[in-house]
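Computed from heavy atoms alone, side chains included, the values below leave out hydrogens, waters and symmetry copies.
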Amino acid sequence: MKKLLIATTVLASMATVAAAETGVKIGGYGRFGLVHYSGKAAGINETTVHTRLRMNIDATTETDSGVVFGGRIRIQDSNNLNGYNYGTLIGNALLFTEYEGLRVEVGNTNTAFDSAALVYDSEMGLRDTSNGDSRSSYFGYDDFGGADRMGVYASYSINGFSAQASFVTPDQYTSTGVNEELGLALAYSTDLFTVSAAAVQDGAGIANNDIWFIGGAYKVMPELTVGLNYIDEGTAALGSTAVLYGNYTMGATTLKAYVANNDAAANLTDTAFGIGADYDLGGAKLTGSIQRDYAEETYADLGVRFNF
């Protein structure tokens with residue numbers, strides 16, 4: 001056992017030196033806990049243990065003129081809402097360059113809509129979920145990346161203003177008839193408020209799946225932030241979604257709540273809501289939520305999340 005510990009320590013030291021010399025960093029997060037959903041199909045347990053370990057391997061270098069070049073590969077092991085684990089998977093590479101507020105990515109890139117400010121700010125709980133999120137389909141940074149997918153993404157930030165644009169073709173080599181996706185996002189932020197807007201054409205390569213979003217958030221006081229988002233979901237079947245949300249921090253505890261409205265005809269109810277809380281453990285957090293969706297089903301989770 002002692003030999004194993006010594007060998008492990010030496011390897012860890014070598015890895016630290018290599019990372020410092022080459023600009024390679026490993027970061028990510030882990031989370032685990034219980035998840036309950038009352039609307040699962042017959043024969044599937046309503047309460048399951050959820051786990052996820054995500055590791056981002058980022059490599060960067062900088063030229064003498066200050067231009068940064070780099071790339072990212074993601075390794076992830078996770079299970080879904082039903083508790084099913086797909087095994088450990090490795091995503092396709094993202095390559096990028098940065099200079100004075102401008103960033104350009106190619107490969108398995110981020111996208112403008114998925115990266116828009118505020119679009120996910122009503123999320124809560126162990127699995128970062130909200131019925132105020134968009135219900136539509138669109139591309140984003142893909143954990144596992146399609147083999148024939150190619151994206152180009154650009155962002156620029158200056159004095160509180162940011163702009164993002166993206167283009168994704170899902171079939172760069174062999175044409176399958178799936179459309180390319182175009183996205184654009186704009187945002188402006190100060191110490192007190194943030195406003196954001198985004199749009200995507202042919203989201204996820206689906207013809208005429210055109211989605212747009214607008215949102216705003218205001219810091220009422222240092223401890224309290226409230227926000228309002230609106231999303232046109234792109235198709236009549238999905239309707240449109242509006243969500244009012246707020247976060248309040250007192251000491252180590254952050255309380256969260258939202259109420260969302262979606263007008264899709266198939267909903268049992270147009271109103272969904274959720275309450276959640278995070279407790280800072282110092283290096284990790286205890287987090288949980290209780291939410292009701294548009295099918296009048298109950299979702300709840302409770303667990304621990306830590307970043308590294």
Side-chain angles (χ1 to χ4, degrees), residues 8-32 51-79 86-121 123 126-128 138-158 162-170 172 181 183 185 187 189 198 283-285 287 304-308:
T8 303
T9 303
V10 171
L11 288 171
S13 300
M14 292 174 62
T16 301
V17 172
E21 291 177 348
T22 62
V24 176
K25 296 181 179 179
I26 299 177
Y29 69 84
R31 67 190 190 198
F32 58 91
T51 64
R52 171 177 285 182
L53 179 63
R54 172 179 291 179
M55 301 178 68
N56 295 321
I57 303 175
D58 295 296
T60 58
T61 187
E62 186 173 345
T63 69
D64 294 340
S65 59
V67 180
V68 175
F69 292 92
R72 164 175 287 189
I73 288 179
R74 174 171 292 174
I75 303 173
Q76 180 168 295
D77 185 285
S78 182
N79 54 35
Y86 296 94
T88 302
L89 301 174
I90 301 177
N92 292 344
L94 177 159
L95 286 303
F96 69 89
T97 182
E98 293 179 340
Y99 183 70
E100 295 188 350
L102 175 66
R103 177 182 173 100
V104 178
E105 301 175 359
V106 295
N108 181 17
T109 64
N110 293 289
T111 63
F113 195 92
D114 189 54
S115 303
L118 304 180
V119 71
Y120 297 118
D121 278 25
E123 291 184 341
L126 178 66
R127 295 177 64 249
D128 297 319
Y138 47 86
F139 290 127
Y141 176 82
D142 192 336
D143 292 344
F144 318 122
D148 206 6
R149 170 178 162 170
M150 180 57 60
V152 179
Y153 165 90
S155 65
Y156 182 71
S157 301
I158 185 172
S162 64
Q164 304 174 74
S166 61
F167 168 84
V168 179
T169 176
Q172 174 177 241
E181 178 190 280
S189 183
K285 69 177 180 180
T287 181
V304 174
R305 173 171 172 151
F306 57 91
N307 298 329
F308 57 85

Trainee: For a 4.5 angstrom cut-off between non-hydrogen side-chain atoms, does S166 reach F113?
Mentor: no

Trainee: Could you tell me the separation between the CG atom of L53 and the OH atom of Y29, rounded to the nearest 0.5 Å?
Mentor: 9.5 Å

Trainee: Could you tell me whether R72 and D58 make a salt bridge, using a distance below 4.0 angstrom between a side-chain N and a carboxylate O?
Mentor: yes

Trainee: With distance as the sole test, does T111 use its side chain to make a donor-acceptor pair with the main-chain N or O of F139 at under 3.5 Å?
Mentor: yes

Trainee: Between F308 and G30, what is the shortest heavy-atom contact and its length?
Mentor: CE2-N, 4.1 Å

Trainee: Grab the two heavy atoms, one from Q164 and one from S115, that are nearest each other, plus how far apart they are.
Mentor: OE1-CB, 3.1 Å

Trainee: List for me each residue that meets side chain to side chain donor-acceptor pair (under 3.5 Å) alongside Y99, sequence neighbours excluded, and say none if there are none.
Mentor: none

Trainee: Is there a side-chain contact between D148 and Q172 in this structure, where contact means two heavy atoms from C-beta onward sitting under 4.5 Å apart?
Mentor: yes

Trainee: Locate the shortest heavy-atom distance separating V68 from T60; write the atom from each residue and the value.
Mentor: CG1-CB, 4.4 Å

Trainee: Taking all atoms of both residues into account, what is the closest heavy-atom pair of R149 and V168, and its distance?
Mentor: NE-CG1, 3.8 Å

Trainee: If I take atom OG from residue S155 and atom CG from residue L102, how far apart are they, to the nearest 0.5 angstrom?
Mentor: 7.0 Å

Trainee: Are D77 and R54 ion-paired here, with the side-chain N under 4.0 Å from a carboxylate O?
Mentor: no

Trainee: Taking the side chain as C-beta and beyond, is there a heavy-atom pair between L126 and V304 under 4.5 Å?
Mentor: no

Trainee: Are side-chain N/O atoms of Y138 and E181 paired as donor and acceptor at under 3.5 Å?
Mentor: no

Trainee: Looking at F306, I'd like to know if the NZ or CZ of R31 sits under 6.0 Å from its six-membered ring centre while staying within 45 degrees of the ring's axis.
Mentor: no

Trainee: Check the pair E105, N110 against side chain to side chain contact (heavy atoms under 4.5 Å, CB included), reporting the backbone distance first and the verdict last.
Mentor: CA-CA 8 Å; E105 301 175 359; N110 293 289; 3.0 Å; yes

Trainee: Applying side chain to side chain contact (heavy atoms under 4.5 Å, CB included), run through I90 and M55 and close with a yes or a no.
Mentor: CA-CA 10 Å; I90 301 177; M55 301 178 68; over 6 Å; no

Trainee: Side chains of R52 and N79: does their closest heavy-atom pair fall under 4.5 Å?
Mentor: no

Trainee: What are the two closest non-hydrogen atoms of N108 and N92, and how far apart are they?
Mentor: ND2-O, 3.2 Å

Trainee: Would N56 and I26 satisfy side chain to side chain contact (heavy atoms under 4.5 Å, CB included), going step by step from the backbone distance to the final call?
Mentor: CA-CA 6 Å; N56 295 321; I26 299 177; over 6 Å; no

Trainee: Please find the pair of heavy atoms, one from I73 and one from G91, that lie closest to each other, and give the distance.
Mentor: CG2-O, 3.8 Å

Trainee: Taking side chain to side chain donor-acceptor pair (under 3.5 Å) as the definition, give me every residue that meets it alongside T169, ordered by chain and number, with sequence neighbours left out.
Mentor: D171

Trainee: Kindly indicate whether the side chain of T63, heavy atoms from C-beta on, has any atom under 4.5 Å from the side chain of F69.
Mentor: yes

Trainee: Taking the side chain as everything from C-beta on, heavy atoms only, tell me whether N307 gets closer than 4.5 Å to R305.
Mentor: yes

Trainee: Under the side chain to side chain contact (heavy atoms under 4.5 Å, CB included) criterion, do T109 and Y141 qualify, and how do the steps go?
Mentor: CA-CA 5 Å; T109 64; Y141 176 82; over 6 Å; no

Trainee: Indicate yes or no: at least one non-hydrogen side-chain atom of Y120 is less than 4.5 angstrom from one of D114.
Mentor: yes

